[in-house]
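Only one structure is covered here, and it is reproduced in the block below.
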Amino acid sequence: MAASSQSGSGRKFWLLGLGIVLVIAVYTGGWFYAAAHLKETVLKVIAPRSTVGVSGECADIDFRGYPFRIGLYCSKVGVDDNTNGVSASFGELRSAAQVYAPGHIVWELDSPAEIRTANGLSISAQWANLQSSLVTRLRGIDRTSMIIDGLKATAVSSYTGQTVNVDAGRTEVHLRQNAGDLDGAFSLQDANAVIKDWPQVFPKFSASADITLAGKGGMIDGSDPQGLYGASGELRKAVADIGDGKVMSLTGPFSFDEQGFLSGKFKLEIEQLGPWRDSLKQALPEIAKTVDTAAKLLKALAVGGDRISVDLVVQHGNATVGGFIPLGTIPPI
């Protein structure tokens with residue numbers, strides 16, 4: 001009787017042990033599956049494109065955090081879009097998600113970054129810190145946010161020969177899917193922009209933009225095959241503030257053609273025209289008369305006081321004020 005009881009206890013012990021091993025095996029398999037999904041999701045955010053001809057590289061990949069955290073490490077990230085002629089490289093990538101919330105992912109990406117396009121646009125960037133978070137849903141990414149501290153970037157266009165240097169103390173990007181559309185909010189604080197061979201009139205500014213791209217919700221996770229080419233949307237508001245009441249805002253519909261050129265009809269509003277005029281004359285005394293003439297012309301279009309409102313028209317990349325005063329050419333994306 002005692003032997004039978006011991007034998008039954010032994011079988012229960014081994015069954016319990018086998019059950020624990022099976023649970024651990026299933027959990028481990030699920031953990032690595034979630035880790036692979038984390039890698040795929042994060043790379044989609046860095047290069048939101050899932051068409052033929054696109055490849056991503058995660059060098060020296062290492063999964064970390066087992067068993068209670070899902071972590072991914074890459075010493076370098078590279079992306080090549082052979083279809084559209086875009087290549088990019090970034091520094092070290094670290095990402096993680098909690099086991100109990102695998103759809104909420106946080107990640108960090110180190111500089112430098114190098115981006116090149118077939119249209120002759122090249123961008124190089126450095127930053128002190130880049131942190132991001134994203135929330136996934138059953139199919140793709142629902143929303144994502146990114147904060148960059150100490151950004152320094154240089155953009156060079158072989159199409160126009162222009163070089164633009166931008167730095168910003170803090171940069172924020174927020175994207176979300178909204179009933180098939182893509183909503184985006186962007187902001188720059190303590191920013192500075194310098195265009196080669198152009199006078200640097202205003203050393204620091206803050207800027208923000210709020211836009212919607214119609215039917216482009218899939219751009220957030222790579223399920224949209226076209227990207228910005230052929231896209232249209234609404235610039236709900238873009239604001240540039242250089243202090244002392246000198247504020248510019250821009251609103252209106254826009255679109256990109258299949259070659260990447262911008263077209264749109266925007267409403268440009270300038271607060272404190274007088275201070276803007278005085279700042280320009282102080283920075284560029286040699287064209288003071290021209291500035292006065294331009295200010296008088298804009299004053300004639302003013303809606304009252306020192307506030308003006310004019311149409312800024314862009315057709316196939318060519319920008320004009322009111323459709324007849326040329327401003328310059330915007331290169332394709």
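Just so we're clear, the structure is a prediction, and the values are computed from it rather than from any experiment. In this chain, residues are counted from 1 in sequence order.
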| message | Could you measure the distance from the CG atom of Leu182 to the CD1 atom of Ile211? Nearest 0.5 Å is fine. | response | 7.0 Å
| task | Would you check, one step at a time, whether the test side-chain hydrogen bond (donor to acceptor under 3.5 Å, both in side chains) holds for Tyr73 with Glu92? | result | CA-CA 8 Å; Tyr73 166 84; Glu92 185 176 295; 3.3 Å; yes
| Glu234 to Gly252 - nearest heavy-atom pair and separation | OE2-C, 3.7 Å
| note | dist Leu109:CG -> Ser132:OG (nearest 0.5 Å) comes out at 9.5 Å
| request: Using modelled atom types only, decide if a donor and an acceptor are shared between the side chain of Asn178 and the backbone of Asp181 within a distance under 3.5 Å. | output: no
| field | Criterion side chain to side chain contact (heavy atoms under 4.5 Å, CB included) on Ile115 and Ser122, from CA distance to verdict | value | CA-CA 6 Å; Ile115 302 172; Ser122 61; over 6 Å; no
| Do you know the tightest heavy-atom contact between Leu175 and Gly184? | CD2-CA, 3.8 Å
| task | Specify the closest pair of heavy atoms between Gly230 and Glu258, including all atoms of both residues, with the distance to one decimal. | result | CA-OE2, 3.6 Å
| task | Answer yes when Asp110 and Arg94 have at least one side-chain N-carboxylate O distance shorter than 4.0 Å, and no when they do not. | result | yes
| query | Hey, what do you get for CZ (Arg116) to OG (Ser158), rounding to the nearest 0.5 Å? | reply | 10.0 Å
| message | For Asp311, is there an ion pair with Lys267 - N to carboxylate O distance below 4.0 angstrom? | response | yes
| said: Would you say Thr154 and Asn165 are linked by a side-chain donor-acceptor pair, where the criterion is simply a distance under 3.5 Å? | reply: yes
| request: List the atom of Trp127, the atom of Ile148, and the distance in Å for their closest heavy-atom pair. | output: CB-CG2, 3.6 Å
| message | A side-chain contact here means heavy atoms from C-beta on lying under 4.5 Å apart; do Asp257 and His316 qualify? | response | yes
| request: Please test Ser95 against Glu108 for side chain to side chain contact (heavy atoms under 4.5 Å, CB included), starting from the C-alpha separation and ending with a verdict. | output: CA-CA 6 Å; Ser95 62; Glu108 296 179 343; over 6 Å; no
| field | Nearest heavy-atom neighbours spanning Gln177 and Gly218 | value | OE1-N, 4.2 Å
| Quick one: are Pro112 and Gln126 in side-chain contact, heavy atoms under 4.5 Å? | yes
| request: Check the surroundings of atom CD in Gln259: do more than 12 heavy atoms from other residues, nucleotides or ligands lie under 6.0 Å from it? | output: yes
| field | Joint hydrophobic cluster, Val239 plus Val173, side-chain heavy atoms closer than 4.5 Å | value | no
| request: Return the minimal non-hydrogen interatomic distance between Ala125 and Ser111, and the atom names on each side. | output: O-CB, 4.0 Å
| If two hydrophobic side chains count as joined below 4.5 Å and joins carry through other members, does Val135 share a cluster with Met146? | no
| So do Leu250 and Leu235 actually touch side chain to side chain, heavy atoms under 4.5 Å? | yes
| Step by step, would you call Val166 with Val164 a side chain to side chain contact (heavy atoms under 4.5 Å, CB included)? | CA-CA 7 Å; Val166 178; Val164 181; 3.8 Å; yes
| query | How long is the gap from CG on Leu130 to CH2 on Trp107, to the nearest 0.5 Å? | reply | 5.5 Å
| Should Val194 and Val156 be counted in the same cluster of Ile, Leu, Val, Met, Phe, Trp and Tyr side chains packed under 4.5 Å apart? | no
| How far does NZ of Lys216 sit from OG of Ser232, to the nearest 0.5 angstrom? | 8.5 Å
| From Thr212 atom OG1 to Asp183 atom CG, the distance as rounded to the nearest 0.5 Å | 4.0 Å
| Linking I/L/V/M/F/W/Y whenever any side-chain heavy atoms sit under 4.5 Å apart, do Leu268 and Phe266 land together? | yes
| Would a 4.5 Å heavy-atom cut-off, applied to side chains only, mark Leu228 and Leu213 as touching? | yes
| query | Is it true that Lys237 and Asp210 have a side-chain N and a carboxylate O under 4.0 angstrom from each other? | reply | no
| said: Assess the residue pair Phe254 and Val314 against the criterion (side chain to side chain contact (heavy atoms under 4.5 Å, CB included)); give the C-alpha distance rounded to whole Å, side-chain angles, the decisive distance to 0.1 Å, and a yes or no. | reply: CA-CA 9 Å; Phe254 64 91; Val314 183; over 6 Å; no
| message | Hydrophobic clusters here meaning ILVMFWY residues chained together by side-chain heavy-atom distances under 4.5 Å, can you tell me if Ile147 and Phe186 are in one? | response | no
